[in-house]
Amino acid sequence: MYSSDCNLILTGFMGTGKTTIGKCVAQKLKRLFVDTDDQVMQLAGKSIPTIFAQEGELSFREYEAKVCQALESSRNLVIATGGGTLLNPQNRARLQRNGIIINLMAHPKVIQSRLAHTQNRPLWNQDWQSLLQQRMPFYQSFSNQLDTSLVLPQEAADQMIRIYQMQTT
Ligand code: S3P
């Protein structure tokens, strides 16, 4: 069991609803919402596409690691991570120490329609289907899973809160 002030952490591929649903969860639980992509942008002082273009993905991953380190001892937060943040085992271990991680998934067709007009995701413009397939074992490795394909964000948020509360004191 986790203590009732532990963080609720969302992971999952791009387009599975981490930010939208995470904001609903935070509102319902009256907690602060943190998006690691926003934290990375603040730290770097530039947008994610600009980081990728000027410094490369490795540098982006280093910013993500610094953000996870800074969040390691936080409490009472709802944290939406980037789709690749927790691929780094150290990031995963750091956030897991004080938080319950829930993986969001969605049907590839749903992901495609949600992100049809996205402009700020450099990895989306590459072969996203191969990337999804390649990362699937990682996303499936989380014990908490929520399929967001057919549910509204408010409903998904309620389901997520139930999963969280079942594992906290
Ligand atoms: C990434 C997902 C993005 C962002 C960056 C890399 C990934 O976040 O962190 O573009 O590696 O899957 P979202 O999952 O919030 O789109």
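When a ligand or atom number is given, it counts from 1 through the structure's own listing order.
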Q. If you count only heavy atoms, which residues are under 4.0 Å from ligand 1?
A.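 Near ligand 1, by chain and number: Met14, Lys18, Asp37, Ile48, Phe60, Arg61, Gly82, Gly83, Gly84, Arg121, Pro122, Leu123, Arg135.
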Can you list the residues that meet the salt bridge (charged side-chain N to carboxylate O under 4.0 Å, His left out) rule with [X], with sequence neighbours excluded?
| X | result |
| --- | --- |
| Glu155 | none |
| Arg61 | Glu57, Glu64 |
| Lys46 | Glu55 |

Q) What distance do Tyr2 atom OH and Gln96 atom CD have between them, rounded to the nearest 0.5 Å? A)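 One finds 5.0 Å between OH of Tyr2 and CD of Gln96.
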Q: Apply the test side-chain hydrogen bond (donor to acceptor under 3.5 Å, both in side chains) to residues Asn7 and Ser74: give CA-CA distance (whole Å), side-chain angles for both, the deciding distance (0.1 Å), then the verdict.
A: CA-CA 7 Å; Asn7 297 323; Ser74 62; 3.0 Å; yes
(Q) Quick check on Glu72: does its CD atom have over 12 non-hydrogen neighbours (other residues, nucleotides or ligands) under 6.0 Å away? (A) yes
